[in-house]
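Right, one structure below, let's go through it.
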Amino acid sequence: MIAKTAPDPRTRLDPRSLGRQPERVFYRRDTVTVARALLGAWLLRRFRGAWYGGRIVETEAYLGVQDRAAHSWGSRRTPRVEPMYADGGHLYVFLVYGMHSCANVVTRGPGRPEAVLLRAAEAPPGAPPRLLSGPAKLCEGLGITVGWSGVDLLSGGDVRLLARRGPRPRIAVSPRIGVGYAQEAASWPLRFYDRHSPSVSGPRRREPE
DNA sequence: CACATGATCGCCT
DNA sequence: GGCGATCATGTGG
């Protein structure tokens with residue numbers, strides 16, 4: 001039984017007509033492709049029968065055993081990281097700095113430990129635009145904790161994802177945030193965000209057109 | 001805006 | 001024993 005943490009009520013929404021759940025193959029594609037495809041998708045959370053969620057606007061790709069920034073780097077395989085080795089479409093949630101949760105969507109197939117970190121989302125209209133701006137704030141706002149790690153997004157449970165419907169956002173690319181220790185991998189261009197979203201994390205966007 | 005700091009603890013070596 | 005895939009707050013320019 002997963003401990004149910006309450007989402008922020010300001011993220012409440014009606015999920016009907018927002019999109020459809022992608023099939024497993026959507027998640028099994030290469031990780032950069034999935035990281036880009038997730039921009040504009042809705043991450044949903046059900047709590048006591050009501051739905052909450054945000055539209056994903058910022059992601060980072062973590063490329064597994066060859067990526068020093070990834071928890072699965074060098075084939076590290078511990079109980080914490082185990083969900084990264086699951087089939088695409090599972091959730092990998094971990095705790096950072098002893099107090100914040102970060103949520104990832106697992107990509108590729110079983111035994112291929114790659115994932116996409118969800119860094120920011122736009123809350124529904126009316127909510128503060130930066131309510132879910134940051135990987136920990138996104139988890140906090142939607143009530144996602146490490147208890148959800150290993151859950152399958154396709155199992156019809158209380159955490160789900162709806163594929164983007166409509167045009168692709170304008171995507172900007174940069175190195176990943178907070179992985180300075182990862183040597184050469186620290187400069188890889190694996191962070192993707194919606195150029196026009198006011199909900200991207202970090203100090204005020206000022207990326208050139 | 002740019003930086004610096006503290007909070008807080010699970011995880012890995 | 002050391003260190004984070006972070007954030008809010010504080011200072012100074």
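Model, not experiment: these values are computed from the prediction. Computation of the quantities below employed the complete heavy-atom set of this structure, encompassing side-chain atoms and omitting hydrogens, waters and symmetry-equivalent molecules. Quick note on labels: first sequence line is chain A, next is B, and so on, each numbered from 1.
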Any side-chain N or O of [X] less than 4.0 Å from the OP1 or OP2 oxygen of [N]?
{"X": "A:Arg119", "N": "C:dT6", "result": "yes"}
{"X": "A:Arg76", "N": "B:dT13", "result": "yes"}
{"X": "A:Arg80", "N": "B:dC12", "result": "yes"}
{"X": "A:Tyr181", "N": "C:dA5", "result": "yes"}

Round to a whole Å and report the spacing from [atom1] of [X] to [atom2] of [N].
{"X": "A:Tyr97", "N": "C:dC7", "atom1": "OH", "atom2": "P", "result": "9 Å"}
{"X": "A:Glu140", "N": "C:dC7", "atom1": "CD", "atom2": "P", "result": "11 Å"}
{"X": "A:Leu95", "N": "C:dT6", "atom1": "CG", "atom2": "P", "result": "12 Å"}
{"X": "A:Glu58", "N": "C:dA5", "atom1": "CD", "atom2": "C1'", "result": "11 Å"}
{"X": "A:Ile177", "N": "C:dT6", "atom1": "CD1", "atom2": "P", "result": "8 Å"}
{"X": "A:Glu60", "N": "C:dA5", "atom1": "CD", "atom2": "C1'", "result": "6 Å"}
{"X": "A:Met99", "N": "C:dT9", "atom1": "CE", "atom2": "P", "result": "14 Å"}
{"X": "A:Leu131", "N": "C:dC7", "atom1": "CG", "atom2": "P", "result": "12 Å"}

Inset, instruction - Check the side chains of A:Thr11 and A:Asp8 for a donor-acceptor pair under 3.5 angstrom, ignoring hydrogens and angles. - result: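 The criterion, which ignores hydrogens and geometry beyond distance, is not satisfied for A:Thr11 and A:Asp8.
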Inset, instruction - Spell out, as yes or no, whether a donor-acceptor pair under 3.5 Å connects the side chain of A:Lys137 to the backbone of A:Arg130. - result: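 Judged by distance alone, yes, a pair lies under 3.5 Å.
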Inset, instruction - Verify, without hydrogens or angle tests, whether A:Ser133 (side chain) and A:Ser199 (backbone) share a donor-acceptor contact under 3.5 angstrom. - result: yes
Legend entry - Contiguous pairing runs of three or more, Watson-Crick or G-U under 3.5 Å, that involve DNA chain B: B:1-7 with C:6-12, B:9-12 with C:1-4
With respect to the side chain of [X], which nucleotide from [options] is positioned closest?
{"X": "A:Tyr92", "options": "C:dA5, C:dG4, C:dA8", "answer": "C:dA5"}
{"X": "A:Leu117", "options": "C:dA5, C:dT6, B:dC11", "answer": "C:dA5"}
{"X": "A:Val96", "options": "B:dG10, C:dA5, B:dC12", "answer": "C:dA5"}
{"X": "A:Lys137", "options": "B:dC11, C:dC7, B:dT8", "answer": "C:dC7"}
{"X": "A:Ala136", "options": "C:dA5, C:dT6, B:dT13", "answer": "C:dT6"}

Legend entry - A:Glu60 with A:Arg176: basic N within carboxylate O range, under 4.0 Å: no
Inset, instruction - Would you mind checking if A:Asp152 and A:Arg24 are paired as a salt bridge, meaning a charged N to carboxylate O distance below 4.0 Å? - result: yes
Legend entry - A:Leu161 vs A:Ile56 side-chain heavy atoms within contact, under 4.5 Å: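 SC-SC contact between A:Leu161 and A:Ile56 confirmed.
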Legend entry - Validation row: A:Tyr62, A:Val179 side chains within 4.5 angstrom (heavy atoms): yes
